[in-house]
Amino acid sequence: MPELPEVETVRRHLACALSGRTLERVRVRRNDMLKGGWRCRALEQELTGLRVGEIGRRGKNLIIELSGTAVLLAHLGMTGRLCVADADAPAEEHTHLIADLCDGRRLIFRDPRRFGHLELCADGRVDDSETLRNVGLDAMAGEFTARRLGEMLAGRTAPVKAALLDQRRVAGIGNIYACEAMFRAGIPPEARCGELSDEQLRRLHRAIRRVLSEAIAAEGTTIASYVTGAGVPGGFRERLRVYGREGERCRTRGCAGVIERIVQSNRSTFYCPACQR
DNA sequence: ACAACCTCCTGGGGGC
DNA sequence: TGCCCCCAGGAGGTTG
């Protein structure tokens, strides 16, 4: 499930394998994987012949700069994969875009569950795109401070965890890292936004930055399908302290707690009742 | 404005 | 062994 660390891992891989290459032949298979009103044929024509420049990221979105002003935006949803493969690699099901590159390899966008999408901004005004117009401050950006986090949560009654998942405020945190950050900050899952103390806000901000940094260094977390650019599982799974660990012992030294699971906004929340109070 | 649902989709796992 | 049902969740939409 690509959250910020997994998307950052993909970004770094594409920066090596894709930047500087020209898209020589492009095939797009499904209109319903495209945003911004694009259709397959028009997108194929628009992309053909463009050269890939820098590759950026905001939250869980990849920002692929192309020749001229064009920018290709990609969201990987739950099961999306954007990778560069050898041209003779076997074709896989659920492949929605194939772009043959000038170096004989090919860019592939594959997404079995189809929660992801692509969008081309021909004029490069990405802030106006469907993909990014509702995406807030990247969780690893320098401007994301404990003070900003406090402003985002002030006066609201929703559970803190639900607010962390809301990409319009801080972008990049999904269910796994929301659970892990809440655990590290020692904040109980039912805590509401407006009732956090300044000390709790500082702890939560630091926990978010640390868990994301560590996960980026480990090339992300693999639960089901995600693999790094090199095609191997991310290394953070074994370092998860609560996510997916219902019924197991808390890993905090000296803690006798057992990890529990509850459902919040239709999502599983894992937590340690002893550490988070 | 905000919060609490619901919906889309497929692969994998559990139960019978 | 096989089949059916349920579950996972990002994000936009709808309802209250």
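Here is the naming used below: chain letters follow the sequence lines, and residue numbers restart at 1 for every chain. Keep in mind it's a predicted model, so treat the numbers as computed, not measured.
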Return no unless some side-chain N or O of [X] is found under 4.0 Å from OP1 or OP2 of [N].
X: A:H75; N: C:dA11; value: yes
X: A:T79; N: B:dG11; value: no
X: A:N266; N: B:dC5; value: no
X: A:Y243; N: C:dG9; value: yes
X: A:K35; N: C:dA11; value: no
X: A:R261; N: C:dA8; value: yes
X: A:H117; N: C:dA11; value: no

Roughly how many Å is it from [atom1] in [X] to [atom2] in [N], rounded to a whole number?
X: A:L4; N: C:dG10; atom1: CG; atom2: C1'; value: 14 Å
X: A:Q167; N: C:dG12; atom1: CD; atom2: C1'; value: 12 Å
X: A:N175; N: C:dC7; atom1: CG; atom2: P; value: 15 Å
X: A:E151; N: B:dA1; atom1: CD; atom2: P; value: 18 Å
X: A:R133; N: C:dG12; atom1: CZ; atom2: P; value: 8 Å
X: A:D166; N: C:dG10; atom1: CG; atom2: C1'; value: 11 Å
X: A:D111; N: C:dA8; atom1: CG; atom2: C1'; value: 14 Å
X: A:I176; N: C:dG10; atom1: CD1; atom2: P; value: 8 Å

- Message: For the backbone of A:L212 and the side chain of A:E214, can you confirm whether one donor and one acceptor N or O come within less than 3.5 Å of each other?
- Response: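 Checking the backbone N and O of A:L212 against the side chain of A:E214, no donor-acceptor pair under 3.5 Å is found.
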- Message: Check whether A:E6 reaches the backbone of A:T221 with its side chain - one donor and one acceptor, N or O, closer than 3.5 Å.
- Response: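 Indeed, once roles are kept as given, a pair shorter than 3.5 Å links the two residues.
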- So, do A:H205 and A:F144 have ring centers that fall under 6.0 Å from each other?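 Distance test on ring centres: under 6.0 Å, yes.
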- Do A:V10 and A:L23 belong to the same hydrophobic cluster, where Ile, Leu, Val, Met, Phe, Trp and Tyr are linked whenever their side-chain heavy atoms lie under 4.5 Å apart, directly or via other members?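 Per the 4.5 Å side-chain linkage, A:V10 and A:L23 are co-clustered.
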- Message: When you group the ILVMFWY residues by side-chain heavy-atom contacts below 4.5 Å and let the links chain together, are A:F115 and A:L132 in the same group?
- Response: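 No; tracing contacts between hydrophobic side chains, which count when under 4.5 Å, never links both residues.
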- For the residue pair A:H117 and A:H75, categorise the inter-ring angle as parallel (less than 30°), tilted (30 to 60°) or perpendicular (more than 60°).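 Ring orientation, 0 to 90° scale: parallel.
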- First encountered from the 5' end of DNA chain B, between A:R192 and A:D32: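 So the residue in question is A:R192.
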- DNA chain B: A:P112 or A:C193, which has the more 5' nearest nucleotide?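 Looking at DNA chain B, the more 5' nearest nucleotide goes with A:C193.
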Proximal nucleotide (of [options]) relative to the [X] side chain:
X: A:E3; options: B:dA3, C:dG10, C:dA11; answer: C:dG10
X: A:R113; options: C:dG10, B:dC9, B:dA4; answer: B:dC9
X: A:H94; options: C:dG10, B:dC2, B:dG11; answer: B:dG11
X: A:A158; options: B:dA3, C:dG9, B:dG11; answer: B:dA3
X: A:R114; options: B:dT10, C:dG9, C:dG12; answer: B:dT10

- Taking the six-membered ring for Trp, does A:F115 stack with C:dG9 (centroid gap under 5.5 Å, planes within less than 30°)?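 The base of C:dG9 is stacked with A:F115 (centres under 5.5 Å, planes under 30°).
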- Task: Record whether the side chain of A:R156 comes under 3.5 Å of the base of B:dA3 through a donor-acceptor pair of N or O atoms.
- Result: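 Looking at the base of B:dA3, it does not pair with any donor or acceptor on the side chain of A:R156 (distance under 3.5 Å).
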